[in-house]
Amino acid sequence: MYQTSIDDFLEIEEFQQDLISWFLRVQRELPWRQNPTPYQVWVSEIMLQQTRVDTVIPYYDRFMQKYPNPEALAAAEEEDVLKTWEGLGYYSRARNLQTAVREVVSEYNGKVPDNAKELGQLKGVGPYTKGAILSIAYQQPEPAVDGNVMRVISRIRKVEEDIAKPKARKIIEGIVSDMISAEDPSSFNQGLMELGALICKPKNPLCDECPVQAHCRAYKEDLQEMLPIKSRKKSQRTEKYVALLIRDENHRILVQKRPEKGLLANLWQFPMIPMDKANTTDELVQWFGDQYGITIDVHKHLTDIKHVFSHIIWNLDVYSATSTGGCLQEGKGEFLSAEELQQLPFPVSHQKIARLI
DNA sequence: AAGGCGGGGAC
DNA sequence: GTCCCAGCCTT
């Protein structure tokens, strides 16, 4: 059904021409498009995973300033890398990127691999990123199928598979493999993504301005609003916590590092107590004493914070408090000055608390 | 195959 | 509120 027949070759060549010439004419000027090194392509592609271009730009600039090459990133402290990534989300991207870059420095003499086998084994480099690096950095005709490309190809070729399912990506990859330009795979792949971002948008696609309108089955059949087909994800669960801004006698503040796995791994936070463990202030003080080893005096309610993740909603009830005695248990955090806190990476939800200091 | 994993912009 | 963004990893 999605096979390419001999009769389609001429059509495909026209499609390539229309797409690539449009891309070369209208492409946005982006920091990672100025004669990029493979490392620059790699970093930009990791940052762009599930993240909009406009959000990434300032992060990319700061990151490249601090870590201009694989050696610099390999030598950095993880905590500093996370601080540079602070606010961008999906923090395992940063940790996996550093792990992979260290492997590139030690195993490949600092040269980013130019083949699918070695690239695919690097931490955090999946099918999309692998294809993006091979095509954009090395001009190899490999598909790079992201959300944009799934939507664009679904419409152009009337693919009615549910793009939320893994099977759809394989189908789209096959189609792109049959269509990709051998002369300029970089512009072809980037053109598909740029088309998705600027013209072939999820809602209200600008078909009147589309450079490949003549090649689009969805447009021909007026199905552009119906495609792609995508099943809905289930909604988030809610978790309620009390968060505490606890000062000691020197006005230092209690913070702790989160576990090395799971949500917001290795980031820092203010102590949080599940709401069901602290129905009353007395219960809260009791629980905190048991868990942390210090007694606290809870003062006024500062604010409520609602923070939405992709799969969880946090409701944080924030109180100020002072530590009045006891000895902080090992591994339960440390009291730091406001200046010292500035150096540590916090999730956005807890940056909101830090602003109250 | 399904769920965990951030945050923000567009509507 | 909903959707979704230049996705990957784990189970």
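The structure displayed is predicted, hence computed values, not measured ones. Order of the sequence lines sets the chain letters (A, B, ...), proteins ahead of strands, with each chain counted from 1.
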Any salt bridge between [X] and [Y], counting N to O under 4.0 Å?
X: Glu161(A); Y: Lys165(A); result: no
X: Lys130(A); Y: Glu118(A); result: no
X: Arg28(A); Y: Glu194(A); result: yes
X: Arg169(A); Y: Glu173(A); result: yes

Just the rounded figure in Å: distance from [atom2] of [N] to [atom1] of [X].
X: Met47(A); N: dG7(B); atom1: CE; atom2: P; answer: 15 Å
X: Lys170(A); N: dA1(B); atom1: NZ; atom2: P; answer: 11 Å
X: Lys233(A); N: dC5(B); atom1: NZ; atom2: P; answer: 13 Å
X: Ile163(A); N: dA2(B); atom1: CD1; atom2: P; answer: 15 Å
X: Lys306(A); N: dG7(B); atom1: NZ; atom2: C1'; answer: 15 Å
X: Lys234(A); N: dA1(B); atom1: NZ; atom2: P; answer: 18 Å
X: Ile305(A); N: dG7(B); atom1: CD1; atom2: P; answer: 12 Å
X: Arg237(A); N: dG3(B); atom1: CZ; atom2: C1'; answer: 10 Å

How is [X] classified with respect to the nucleic acid when contacts are heavy atoms under 4.0 Å: base, sugar-phosphate, or nothing?
X: Arg151(A); answer: sugar-phosphate
X: Arg28(A); answer: base
X: Thr129(A); answer: sugar-phosphate
X: Arg33(A); answer: base
X: Val125(A); answer: sugar-phosphate
X: Phe309(A); answer: sugar-phosphate

When you compare the side chain of [Y] with that of [X], does any pair of heavy atoms fall below 4.5 Å?
X: Glu239(A); Y: Pro274(A); result: no
X: Phe270(A); Y: Val318(A); result: no
X: Leu336(A); Y: Arg252(A); result: no

Next on the checklist: Tell me whether the rings of His307(A) and Phe309(A) are parallel (<30°), tilted (30 to 60°) or perpendicular (>60°).
Outcome noted: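 Rings of His307(A) and Phe309(A): perpendicular, over 60°.
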Item to check | Residues touching DNA chain C, which here means a heavy atom under 4.0 Å, drawn from residues 259-276 of chain A | outcome: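 Of all residues in residues 259-276 of chain A, none places a heavy atom under 4.0 Å from DNA chain C.
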Checklist entry - Could a donor-acceptor pair under 3.5 angstrom be found where the side chain of Thr51(A) meets the base of dG7(B)? => result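 Checked by distance alone, the answer is no.
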Checklist outcome for this item: To the nearest 0.5 Å, atom CG of Asn266(A) lies from atom CG of Leu344(A) at 12.0 Å
Checklist entry - So, is Tyr59(A) near the phosphate of dG7(B), with a side-chain N or O under 4.0 Å from OP1 or OP2? => result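 Looking at the OP1 and OP2 atoms of dG7(B), neither is under 4.0 Å from any side-chain N or O of Tyr59(A).
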Next on the checklist: Any side-chain N or O of His311(A) below 4.0 angstrom from OP1/OP2 of dG4(B)?
Outcome noted: no
Between [M] and [N], how far apart are the [atom1] atoms? Round to whole Å, please.
N: dC5(C); M: dC5(B); atom1: C1'; value: 15 Å
N: dC9(C); M: dG8(B); atom1: P; value: 24 Å
N: dG6(B); M: dC3(C); atom1: C1'; value: 16 Å
N: dC8(C); M: dG9(B); atom1: P; value: 23 Å

Checklist entry - Linking I/L/V/M/F/W/Y whenever their side-chain heavy atoms sit closer than 4.5 Å, directly or via other members, would Tyr241(A) and Leu245(A) fall into one cluster? => result yes
Checklist entry - Are Leu227(A) and Leu195(A) joined in one hydrophobic group, where the rule is that I, L, V, M, F, W and Y side chains link up if heavy atoms are under 4.5 Å apart? => result no
Checklist entry - Would the number of heavy atoms belonging to other residues, nucleotides or ligands and lying under 6.0 Å from NZ of Lys66(A) be above 12? => result yes
Checklist entry - How about Phe63(A) and Tyr59(A): are their ring centroids closer than 6.0 Å? => result no
Next on the checklist: Reading DNA chain C in the 5' to 3' direction, which nucleotide is the first one with an atom under 4.0 Å from a heavy atom of chain A, and which is the last?
Outcome noted: dG1(C) to dT10(C)
Set out, line by line, the N/O atom pairs under 3.5 Å between protein and nucleotides 8-11 of chain B.
unit_1 : atom_1 : unit_2   : atom_2 : d
dG8(B) : N2     : Arg52(A) : NH2    : 3.1

Item to check | Whichever of Lys167(A) and Ser310(A) has its nearest DNA chain B nucleotide further upstream toward 5' | outcome: Lys167(A)
Checklist entry - Trp32(A) or Gly120(A): which one's nearest nucleotide on DNA chain C is closer to the 5' end? => result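 The residue mapped nearer the 5' terminus is Trp32(A).
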